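One structure is given here, and the rest of the page talks about it.
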Amino acid sequence: MEDKVREIISKYDSDKAFLVPILQDVQKEFNHLPHKALHRVSVFLDVPISRIYEVATFYKAFSLTPRGDHQLTVCIGTACHVRGAQNLTDHIERILGIKPGETSGDLKFSFDTVNCVGACALGPILEADGDYHGKMTISKSNKLLKKLGKKVVTDEED
Amino acid sequence: MVTLTMDGRKIEAPEGATLLKAANSANIEIPQLCSNEELEHYGACRLCVVEITHKNRTRIVASCIYEVAEGLEVNTRSERVLNVRKLVIELLLARNPRHPSLLKIAEDLGVKKSRFEAEIKGCILCGQCIRTCREVVGVSAIGYEGRGINKRVATPFEESPPDCIACGSCHFVCPVDVIPMKEKDGVRNIWKTDFPLQKCESCGRYFAPVKQLEYFREQYNLPPEQFSKCTHCR
Ligand code: FES
Ligand code: FES
């Protein structure tokens, strides 16, 4: 872990101004921000750990706990909201058995909501592992979940 | 020096001074909870608001961060100002309905009860503890966690703070006394962590946290036997 963190930081010339992108890279590498890695960042950048903790807890995109293999995010911005983002959120909550901000026990899925991803015309948006899926419906989301390896039992046959 | 008008009075203040400072030197009292002479300007509590007039337009600004300017007209007690202050203190009372210093400010503003439902947190997020730790002590052991309604003062990962030297500055500077610190049998407890105290070689009194003394020695390159005795026996 130490080497990996060092490598990421040297990419940014050990410049503390790049703390956020550094943390993004660390998160990409380890799928979350492990405490140990943050302590390394603190030492290498000479930034107090309290500062790093502030940044890591400020942004929703950072997670201090392990994330699932797949990340699902429902946009609940205004445009998506009026087009039924709430139904979609409820549905995914029910299928995965977790609330926004949580990760399933088997570490397969993490689920979040976000306020506007900037693709309002395509709302409601369901983001899966970084890809935006527009004009989302319940049955489309079922298909997507199945593709990601989730067993979805539905009444409708498709 | 610049000249400005405050509550109808002409006053003088050095350039770069804040309105709050200028007011205080002119014996005009403005309530405040987060400004501290030893610390950088911050402007978190918004209790110190005043109304300024500039070319027929009035504005509400935080006096602890707004600097004096030639010819500025300031009203520290207009109806609008008092309304904002009332709102602020009521919001703060919802977080901490009991602390005497808040109750005193509320009383001065004629506020008897907060219109907001209590959501007791104790801490009013003035940030003085964090800023003192960073700017004065220089160790930065504590910081904020989260943001918005979840924002709070915390140690990293809510664990024992590795950089803390147990100096207690955060405890002493807190205006609403919500950072507990206890001392018992040669141990100081702060941030849920026990820190041993140094015993004086001559009189046997416990006089300061070992970590704090170590920090001082390191900072000023002092010999290891420095601080083996308390201030009385030195
Ligand atoms: S509201 Fe969902 S993309 Fe803008
Ligand atoms: S004293 Fe000015 S905002 Fe707190």
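In what follows, every chain begins at residue 1, and chains take the letters A, B, ... in the order their sequences are listed. Keep in mind that what you see is a predicted model, and the values were worked out from it rather than measured. What you see below is based on every heavy atom in this structure, not just the backbone, and it leaves out hydrogens, waters and symmetry mates.
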Identify the residues of [range] whose heavy atoms come closer than 4.5 Å to a heavy atom of chain B, ordered by number, or report 'none'.
| range | value |
| --- | --- |
| residues 3-27 of chain A | none |
| residues 70-79 of chain A | none |
| residues 43-60 of chain A | A:Pro48, A:Ile49, A:Ser50, A:Arg51, A:Tyr53, A:Glu54, A:Thr57, A:Phe58, A:Lys60 |

ask   = Do the ring planes of A:His39 and B:Phe157 sit parallel (below 30°), tilted (30 to 60°) or perpendicular (above 60°)?
value =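 Taking B:Phe157 first and then A:His39, their aromatic rings sit tilted (interplane angle of 30° to 60°).
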
task = With chain A as the partner chain, list the residues of residues 140-151 of chain B whose heavy atoms fall under 4.5 Å from it, by residue number, and write 'none' if nothing qualifies.
result =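 Counting heavy atoms that sit under 4.5 Å from chain A, the residues of residues 140-151 of chain B involved are B:Ser140, B:Ala141, B:Ile142, B:Gly143, B:Tyr144, B:Glu145, B:Gly146, B:Arg147.
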
More than 12 heavy atoms of other residues, nucleotides or ligands under 6.0 Å from [atom1] of [X]: is that the case?
| X | atom1 | value |
| --- | --- | --- |
| B:Glu15 | CD | no |
| B:Glu135 | CD | yes |
| B:Arg98 | CZ | no |
| A:His35 | NE2 | yes |
| B:Lys229 | NZ | no |
| B:Lys104 | NZ | no |
| B:Lys211 | NZ | yes |

key: Under 4.5 Å from a heavy atom of chain A, the part of B:Pro162 involved   =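 Side chain of B:Pro162 only, per the 4.5 Å heavy-atom cut-off to chain A.
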
